[in-house]
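Each chain gets a letter, A, B and so on, in the order its sequence line appears, and its residues count up from 1.
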Amino acid sequence: MATDPTTPPVGAPVLRYSLPPVRLPPEDILFCVDVDVEARAEMKAAAAAASSGSTSSSQPAGGARVGTRPPVRRMDAVKQAMLLFIHGKLAMCPDHRFAFAALGETVSMVKKDFSSDASSAIEAIHSISASESRYVTADLTQLFKIAHQEGRRAELQGRLLRVVLIYCRSSTKPQHHWPTKEKNFTLDIIYLHDKTGPDNCPQKVYDVLVDALEHVSQYEGYILESSQGLARVLFRHTCILLSHPLQRCIQDDIDFPKQVAKKTVAAEASQKEDGTPVSSQLSVV
Amino acid sequence: MSPCADAAAPASSSAPTLAPLIAAQLNYLLSHSKLPFKVWFPSIPSLPRLTLPLPVSRRSLAGDFVYNALYPKVAPDVVFGPDDEGFQPLVDYAEAGNGDKSCLAHWDCRDPGGLLALVEELRELYIEYQKRRVGEVDDARLAFELSTVLSKEGIEVCMVPPTDRPDEVKFAVPLLDMDYAKLVQGCPWRSPQKIHLQVIFPISRRVNTVPSAPRLKLMSTPELKSLFSVEDVKLPPWLNGMCLAEYLPSLEENLKVLIVEASASIGSRRRFIEALALPFGRPLEADPIFCRRATVLCISGVFTFLVCNKMPETSILSGFSVHFAIPLQFPKQQPVLILQSSQHCNVEGIPIMSPPINDYPWSPRWDVTEMVERIYDFLTDECQNFKKFCSDAITQQK
């Protein structure tokens, strides 16, 4: 790891980034996508703009739907996020590879062979669809079992295994019966959920996800969440996960993305608004 | 990577009827030899065919190593191509009276290293055979040149096949006996790297003419290219009447300087990447051995201040990655930047990327902190161009 894992005292500068000459293994990345009905929840209207690409500066007030475009659902944004991730990873190194799984009550493989071929990844992503019914449980045991096996195989091949779990349920706490074992894969989590209300418990779900991550992850795994329903936030979280586990700092010290702008007071104010690292509590919104 | 990594697979998986003794020898050969073999299986699956290349002189000694399916314990026959009809190693042995030196004389089918030993023996014999042929050429200049380099370890010479260009002889002169891997911390190379000078002399049987200059080309083993590119080297000119003994030393001095620079460039590139973290935050991923690439994640936005003293409004902040491709000749040559949007994609869902950018302000004399700050400043404007580029690309798709 490039930096000392112990957290520096508050106010102290983060340890300088260094790049020691140690081999960086290419990654085998297993996406696990939640296909519960909650993946069908609608994203905010601004998301519709993201998939067609225009990010104009005149936002309709109140986020009204633009024209008669169909609503963008979480699953659509998640698929786009995975495409973004794959192309971003391959642009950095063409040796990274990807496989895909879906999480209903338990995990099922969508594409179990790891491959760096973008078109077969695109095909696999398009084949995933959200269920029309709610699953009672979300059991991660099988996911960890598969990851552990693949982690062994990856290590023999000089590669590094990572699981990226994208979870969408606001009331269902995931569970697992995974014994404490040698950790041989890294776990990242993106948690998309509704705002906290009387009928849900996203904070509890989040805490369980954090525990699971700490229980299994070999290197520093990141957990990023959002209830805002904005695709651009999801895309930004996805891009943060592009970071290679062996070159990461601890989540509290994430200092990117930074704003590229002429340095003015307004620039720094906005930096805080959008660039705040994630804390252990869900963000207030 | 050389074909041997791919070729190793057929011996175990796609040739089901390969006799185990033969498979053992083939696997041993492929895992122990550093030469890039080509292995394939003609229609009869139990008979592998090997092409044995001589990579330095860039000729393939095409030897068909033919095992007998009925008698797999017997050593393979080796059949050479038409250009090498004169190569008859067993005849040479017989003439020299030391036929029992050949590994064919004591072939042990149970020895998995048997095939490798045979291949190496034939390769050595072939190199000697070519040396003799070249030595027989009636050209005084050539004979002289040959005498000055023949003692060099690893020298290879051969006749250029008559089907290509008539009357030429090719030398492959090894240069700079150096362990290049020592120059690269954490070096991943699997075999020693070498640089050769390929020299092609025209044969001139006429006396009293000024010998014409040879054609010269620098060659290296493939993995060395990640440190140093021989193609970028400008060869010193071959002056009239020169000979190799005069030409080689100054070439080697030249190369030594360039290689030291290439090695120092790794350190400069590493410091450049480390400096990126200051204005851009921690890079997403960077190449830690050769330091040729790094990627950072950025956001940008445009601010509009409302007239009536309200809070400044920002447009949606766009996220984008910046991929840095850092050339071998850094800092003389500047990094190439490619921007990749996280919010704009084409109809297939592929994020839009900018064309490569390398015309931003640059000076090799800046220290790395200034280099990265200048790139940051350049990007504050360039990302606006990029946003427009992305919007235009999307509009054109509609």
J.: Considering only heavy atoms, which portion of A/Lys89 lies under 4.5 Å from any heavy atom of chain B: side chain, backbone, both, or neither?
T.: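 Contact with chain B: side chain only.
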
J.: What residue, out of A/Leu83, A/Leu84, A/Leu24, has the most heavy-atom pairs lying under 4.5 Å from chain B?
T.: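 Winner by heavy-atom pair count: A/Leu84.
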
J.: Salt bridge check: are A/Asp117 and A/Arg97 linked by an N-O gap of less than 4.0 Å?
T.: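 Here A/Asp117 does not pair with A/Arg97 in a salt bridge, since their nearest N and O are not under 4.0 Å apart.
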
J.: Do A/Cys93 and A/His244 come close enough that some side-chain heavy atom pair is under 4.5 Å?
T.: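 No - every pair of side-chain heavy atoms lies 4.5 Å or more apart.
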
J.: Answer with side chain, backbone, both or neither: which region of A/Ile240 has an atom nearer than 4.5 Å to a non-hydrogen atom of chain B?
T.: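 Contact with chain B involves both backbone and side-chain atoms of A/Ile240.
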
J.: Applying side-chain hydrogen bond (donor to acceptor under 3.5 Å, both in side chains), run through B/His323 and B/Gln340 and close with a yes or a no.
T.: CA-CA 8 Å; B/His323 302 289; B/Gln340 183 176 29; 2.7 Å; yes

J.: Looking at A/Tyr222, does the NZ or CZ of A/Arg248 lie under 6.0 angstrom from its six-membered ring centre and within 45 degrees of the ring axis?
T.: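 Because its charged atom sits under 6.0 Å from the ring centre and within 45° of the axis, A/Arg248 does stack over A/Tyr222.
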
J.: Cationic tip of B/Arg374 within the cone over B/Trp362's six-membered ring, i.e. under 6.0 Å and within 45° of the normal?
T.: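 Judged by the rule, B/Arg374 and B/Trp362 form no cation-pi pair.
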
J.: Which region of B/Cys291, side chain (C-beta onward) or backbone (N, CA, C, O), has a non-hydrogen atom less than 4.5 Å from a non-hydrogen atom of chain A, or is it both or neither?
T.: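 It is the side chain, since no backbone atom gets that close.
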
J.: Identify which part of B/Asp377 has an atom lying under 4.5 Å from any heavy atom of chain A, answering side chain, backbone, both or neither.
T.: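 Backbone of B/Asp377 only, per the 4.5 Å heavy-atom cut-off to chain A.
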
J.: With chain A, which of B/Ala294, B/Ala286, B/Ser321 has the greatest number of heavy-atom pairs at distances under 4.5 Å?
T.: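 Max contact count across the listed options: B/Ala286.
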
J.: Quick one, B/Phe280 and A/Phe256 - any side-chain contact, counting heavy atoms below 4.5 Å?
T.: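 In short, these two side chains do not touch, never coming nearer than 4.5 Å.
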
J.: Strictly distance-based, threshold 3.5 Å: is any side-chain N or O of B/Ser265 a donor or acceptor partner for the main-chain N or O of B/Glu261?
T.: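 No; zero donor-acceptor contacts below 3.5 Å.
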
J.: Among B/Ala277, B/Ser342, B/Gly186, B/Cys298, which residue has the highest count of heavy-atom pairs closer than 4.5 Å to chain A?
T.: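 When all of B/Ala277, B/Ser342, B/Gly186, B/Cys298 are compared, B/Ser342 has the most.
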
J.: Heavy-atom pairs under 4.5 Å with chain B - which of A/Ala81, A/Ala118, A/Cys239 has more of them than the others?
T.: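 Heavy-atom pairs under 4.5 Å are most numerous for A/Cys239.
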
J.: Return the option, out of B/Gln185, B/Glu348, B/Arg271, B/Arg270, with the maximum number of heavy-atom pairs under 4.5 Å with chain A.
T.: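 Winner by heavy-atom pair count: B/Arg270.
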
J.: Between B/Leu278 and chain A, which part of the residue has a heavy atom less than 4.5 Å away: side chain, backbone, both or neither?
T.: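 It is the backbone, since no side chain atom gets that close.
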
J.: By a 4.5 Å heavy-atom criterion (distance strictly below it), what part of A/His126 contacts chain B: side chain, backbone, both, or neither?
T.: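 Neither part.
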
J.: Hey, would you say the A/Tyr219 and A/Phe185 ring centroids sit under 6.0 Å apart?
T.: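 Ring-ring flag for A/Tyr219/A/Phe185: false, centres at least 6.0 Å apart.
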
